[in-house]
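Side-chain atoms are counted along with the backbone in the values below, which use heavy atoms only and exclude waters and symmetry mates.
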Amino acid sequence: MPVSARSRALPALVGLPVLLFALITWQVVADGPLVGVDERLSRALVHPDRISELLSDLGNVQVAVPVLVVALVYAAWHGRASGVDRWWVPPLAGVVAMALVPALVAPLKEWTDRPGTPAVPPAVGYYPSGHTATAVVAYGTAALLLFPLLRSRAVRRTLVVLCAVLVLGTSYGLVRRGYHWPLDVMASWCLGVVLLAGVRLAARRTPGGSRTPDGGRTPDGGRTSPGVSRSTRRSSSGTPSSSSGPS
């Protein structure tokens, strides 16, 4: 994809979720017609069982964050060992994205003050879904950081599919168990995509951050040779080396 096309794609990727999130939030706060549709859909889907309980647990901090930590550590180690400039930027972006989840979700819960479904004890503060946002950002960031480090296309596809399964499984479990309304989950999808776009942007702007180990394309669309080291390329160019259920 040309660089100009890439530069246009990212704002579009961010803009659409932002608009959708704003629309959903407005409907929730104003008790608009989408809320009625949301409640009817929830009544049709809610059926608490053991499977939905287990699936919703995939969004627990105790489950999702350790997966992210493993990916962060490996990406940092690989980048440093490979001599990538600013190797620490993509992992740091992942940490910031994960930290922004509670920083954004908690005040939104307090502001919207949305009650839960009939399947949970009477309470407010269910919008948006913190568990869904945690799953999207944790598993999504892990996939973004590991994807360019994998040589096999089959393994890369498996990674993407696994990430999607974990996020969709969490979302389904939360709605099926009755822990959240469907709109709570959809809003967190939008929020998560925006945070992941920030991680992706940081990785793209890191020299070598989007290059695959087998000499794939660099962020500027060029191609590197797998048999030439970074120090050799620099020298040749004259550049110096350097607890009551989910929230």
Shared-cluster residues of L54, by chain and number - hydrophobic side chains joined below 4.5 Å: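 When side chains under 4.5 Å apart are linked, L54 ends up in no cluster with other residues.
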Side-chain donor or acceptor of Q27 paired with backbone N/O of V35 under 3.5 Å: no
With sequence neighbours left out, write down each residue that passes side-chain contact (heavy atoms from CB on, under 4.5 Å) with [X], or none if nothing qualifies.
X	answer
A106	none
L19	none
W87	A76, R80, V84
L68	L72, M98, A138, T141

Considering all heavy atoms, the nearest R156-R151 contact: NH2-O, 3.4 Å
Closest heavy-atom pair and its distance - A119, R177: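 For A119 and R177, the tightest heavy-atom pair comes out as CB-O, 3.9 Å.
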R114: partners by salt bridge (Lys or Arg N to Asp or Glu O under 4.0 Å), with sequence neighbours left out: D38, D184
Considering only heavy atoms from C-beta outward, does the side chain of [X] approach that of [Y] to under 4.5 Å?
X	Y	answer
W111	V29	yes
Q62	P66	no
H131	Y179	no
Y126	V120	yes
P128	V105	yes

Please set out all donor-acceptor pairs under 3.5 angstrom arising from side-chain atoms of residues 158-175, sequence neighbours excluded.
from	atom 1	to	atom 2	distance (Å)
T158	OG1	A154	O	2.8
T170	OG1	L166	O	2.7
S171	OG	V167	O	2.8
S171	OG	W189	NE1	3.0
Y172	OH	R176	NE	3.4

Result block: side-chain N/O donor-acceptor pairs under 3.5 angstrom for residues 11-18, not counting sequence neighbours:
none

Under the side chain to side chain donor-acceptor pair (under 3.5 Å) test, residues paired with S52 that sit two or more places apart: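 S52: side chain to side chain donor-acceptor pair (under 3.5 Å) contacts with D49.
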Side chain to side chain donor-acceptor pair (under 3.5 Å) partners of T25, counting only residues at least two apart: Y127
ring-ring contact (aromatic ring centres under 6.0 Å, His included) partners of W77, counting only residues at least two apart: Y74
L58/Y139 under side-chain contact (heavy atoms from CB on, under 4.5 Å): CA gap, chis, key distance, verdict: CA-CA 10 Å; L58 292 173; Y139 300 133; 4.1 Å; yes
Pair R157-F147, side-chain contact (heavy atoms from CB on, under 4.5 Å): steps then yes or no: CA-CA 9 Å; R157 285 194 293 267; F147 187 88; over 6 Å; no
